[in-house]
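Okay, structure first, notes after.
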Amino acid sequence: MKTLQELTRANIWSLKPYSSARDEYKGVAASVFLDANESPYNMPHNRYPDPLQIDLKKKISKIKHVNPENIFLGNGSDEAIDLMFRAFCEPRIDNVVAIDPTYGMYLVCAEVNDVEYRKVLLDDKFQLSADKLLAATDDNTKLIFICSPNNPTGNDLSITEIEKVLNQFQGIVIVDEAYIDFSEEPSFATRLAEYPNLVVLQTFSKAWASAAIRLGMAFASTDIIGILNKIKYPYNINLLTQHQAMEMLHRHHEIDNWVKILKSERVYLEESFAELPCVLEIYPSNANFFLARVTNAVAIYNYLVSKGIIVRNRHNISLCDNCLRVTVGTRSENLKLIEALQQYKPE
Ligand SMILES: *Cc1c(COP(=O)(O)O)cnc(C)c1O
């Protein structure tokens with residue numbers, strides 16, 4: 001790996017971050033706070049929240065087996081993705097490499113930040129080749145994006161291929177594990193000591209049933225976490241989100257149970273889909289959704305909309321011609337989808 005200074009944009013490396021009132025006060029227990037121009041009237045949200053979310057990180061640390069110093073929390077994983085561009089990619093000079101097809105936000109963030117985005121097509125089983133990814137890099141490639149289980153395809157990517165990318169790439173490898181709770185594969189989050197160039201993304205938006213609170217996690221070396229902390233908005237995670245995340249973390253046994261149910265519901269949905277005349281192929285998934293190739297994705301998507309059922313049309317995405325992405329719901333939701341598709345009659 002190149003040194004972190006070589007990888008970081010010069011302006012970010014030399015940046016002195018904004019020092020908030022709550023950053024500067026880190027002393028003995030105090031009871032009179034006249035430092036932040038807050039209101040003294042507690043309604044009850046008058047105080048700025050902890051800028052580094054220490055209590056929440058300690059709790060996450062216990063469940064994810066990652067030290068608090070190796071955790072960055074963002075306003076969704078999307079914030080961490082955007083900050084990676086802002087920290088490491090010089091607009092119009094640097095580039096990033098990503099698997100294709102994959103999560104659409106990497107490309108959007110690249111375009112917002114005016115950074116070249118190089119797509120490397122997965123094979124016909126939606127697997128990645130480390131050699132192909134590495135061949136697409138050059139000296140200005142700062143980041144490689146890998147997503148496993150991948151979205152929209154649902155499959156786990158090969159751990160040995162990901163390890164090969166981590167071992168051989170000189171820049172930073174982002175492994176997006178938004179759906180890892182549904183997978184049988186181990187997370188990369190506990191392997192930060194092995195790979196100083198690894199950033200693992202996870203989120204509260206999927207298995208943790210908390211998309212509305214906007215909370216994403218990045219796990220990485222303390223040096224990379226330091227850079228993200230330096231450039232984030234001082235109070236990027238509001239107190240309501242911090243409290244609700246704590247509440248969900250206390251209920252982690254319940255989440256484990258939902259994950260089990262959703263995995264068995266996915267199998268049920270896949271088996272039911274296999275019987276439908278309009279379904280041509282179901283791709284193996286390790287997530288809470290699956291991709292299915294159908295006779296006519298646009299027509300079936302519109303038909304389902306007319307029945308009040310929304311799935312995701314992935315037609316026009318690389319390798320996904322005539323594919324619909326279906327999120328696993330409750331049994332009654334899944335039954336409504338299957339019944340609607342049983343009644344579907346092509347024009
Ligand atoms: C849903 C999803 C996310 C989550 O983003 P948030 O901003 O945390 O809601 C991240 N990556 C992938 C691949 C996703 O599918």
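None of these values were measured; they are calculated from a predicted model. Both counts, for ligands and for their atoms, begin at 1 and track the order of listing.
The residues lining ligand 1, counting any heavy atom closer than 4.0 Å, are Gly76, Ser77, Asp78, Tyr103, Cys147, Asn151, Asp176, Ala178, Tyr179, Thr203, Ser205, Lys206, Arg214.
Take Lys64 and apply the salt bridge (charged side-chain N to carboxylate O under 4.0 Å, His left out) test, not counting sequence neighbours, and it matches Asp181. The salt bridge (charged side-chain N to carboxylate O under 4.0 Å, His left out) search around Lys260 returns none, not counting sequence neighbours.
Of the possible polar contacts, none joining the Asn70 side chain to the Ile225 backbone as a donor-acceptor pair under 3.5 Å is found.
Residues in residues 195-210 take part in no salt bridge (Lys or Arg N to Asp or Glu O under 4.0 Å) pair, two or more places apart or across chains.
A salt bridge links Asp139 with Lys2: at least one charged nitrogen is closer than 4.0 Å to a carboxylate oxygen.
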Exercise for the section: List the steps and the verdict of salt bridge (Lys or Arg N to Asp or Glu O under 4.0 Å) for Glu161 and Lys132. Expected result: CA-CA 10 Å; Glu161 291 298 297; Lys132 268 180 81 179; over 6 Å; no
